[in-house]
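A short write-up of the structure that comes next.
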Amino acid sequence: NAGVTQTPKFQVLKTGQSMTLQCAQDMNHEYMSWYRQDPGMGLRLIHYSVGAGITDQGEVPNGYNVSRSTTEDFPLRLLSAAPSQTSVYFCASSRGASGTTGSYNEQFFGPGTRLTVL
Amino acid sequence: KNQVEQSPQSLIILEGKNCTLQCNYTVSPFSNLRWYKQDTGRGPVSLTIMTFSENTKSNGRYTATLDADTKQSSLHITASQLSDSASYICVVSEGGSYIPTFGRGTSLIVHP
């Protein structure tokens, strides 16, 4: 089991460029989510998905798009990168969302992607 | 607005000593509370998960307590080791919500 994998580990973009952060899990989890982590702040939810073909916005969705065509993959797209999107991005997966389908849904996080936008 | 406040912001202790980290929350209705450990440069790893009916949960040298009446939780680390140096994050989930609320974390440094 590889768990949750993310690529790339590091990325530098120029303002206005677009890119896709990849996330994959091999645990057959229905719930996947993307977070960003900024210094001095808690992790903030960008987008989440409760299953293939279903996505929804989190707390800070502006400037990001997601899709979920398979259970395994949940890519995050930056449409037109801005310096404010400089952050560390984490993908996570679990059997279900923590507040809904029962409490013992351990959430597994990927190793993160460190993104710098110049 | 749901909030999770952690204290202290940072803590330095000597190897072998015990320590306690605090988490206060305003999330309602409450579903569960989780503690995560995040090593530098890595993703968070789950330590404990507690529901409303649980007031203590252990994972090796880590023991979490929950007082749902006062909306407080603590994470006690016994006989600290150098490898305990990390950020410890408290996360509270609201019943029926897909969006958990994360605390900002407590940075723990264990010195030899």
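Predicted model, so just to flag it, every value in this text is computed and none were measured. Proteins get letters first, then strands, A, B, ... in listed order; numbering begins at 1 in each.
Y36(B) touches chain A through its side chain: at least one heavy atom from C-beta onward sits under 4.5 Å away, while N, CA, C and O do not. With a threshold of 4.5 angstrom between heavy atoms, Q6(A) does not approach chain B through any atom at all. Proximity to chain B (any heavy atom under 4.5 Å) is shown, for V4(A), by neither the backbone nor the side chain. Contacts of Q9(B) with chain A are absent, with no heavy-atom separation under 4.5 Å from either backbone or side chain.
For T113(A), the side chain to side chain donor-acceptor pair (under 3.5 Å) test picks out no residue, with sequence neighbours left out.
No chain of hydrophobic side-chain contacts below 4.5 Å, direct or via other Ile, Leu, Val, Met, Phe, Trp or Tyr residues, connects L118(A) to L21(A). Hydrophobic cluster membership is shared by L66(B) and F52(B), with clusters built from Ile, Leu, Val, Met, Phe, Trp and Tyr side chains linked at under 4.5 angstrom. Residues L108(B) and I12(B) do not share a hydrophobic cluster, clusters being chains of Ile/Leu/Val/Met/Phe/Trp/Tyr side chains in contact below 4.5 Å. Follow the hydrophobic side-chain contacts under 4.5 Å out from Y48(A) and you reach I89(B) in the same cluster. Residues L11(B) and Y62(B) share a hydrophobic cluster, clusters being chains of Ile/Leu/Val/Met/Phe/Trp/Tyr side chains in contact below 4.5 Å.
A 4.5 Å side-chain heavy-atom check between P100(B) and Y35(A) finds at least one atom pair inside the cut-off.
The shortest non-hydrogen separation linking R34(B) to Q107(A) is NH1-N, 3.8 Å. The two residues E106(A) and I49(B) make their nearest non-hydrogen contact at CA-CD1, 4.0 Å. Minimum interatomic distance between F90(A) and G43(B) (heavy atoms only, all atoms of both residues): CE2-CA, 3.3 Å. Taking each heavy atom of I99(B) and Q57(A) in turn, the nearest pair found is CD1-O, 4.3 Å.
Note on ring orientation: taking the six-membered ring where Trp is involved, the planes of Y31(A) and Y98(B) are parallel (angle under 30°, cut-offs 30° and 60°).
Across L43(A), D56(A), L45(A), the residue that shares the most heavy-atom pairs under 4.5 angstrom with chain B is L43(A).
Atom-to-atom distance recorded for S46(B):OG and F109(A):CZ is 9.0 Å, nearest 0.5 angstrom.
Other residues, nucleotides and ligands contribute over 12 non-hydrogen atoms within 6.0 Å of the CZ atom of R44(A).
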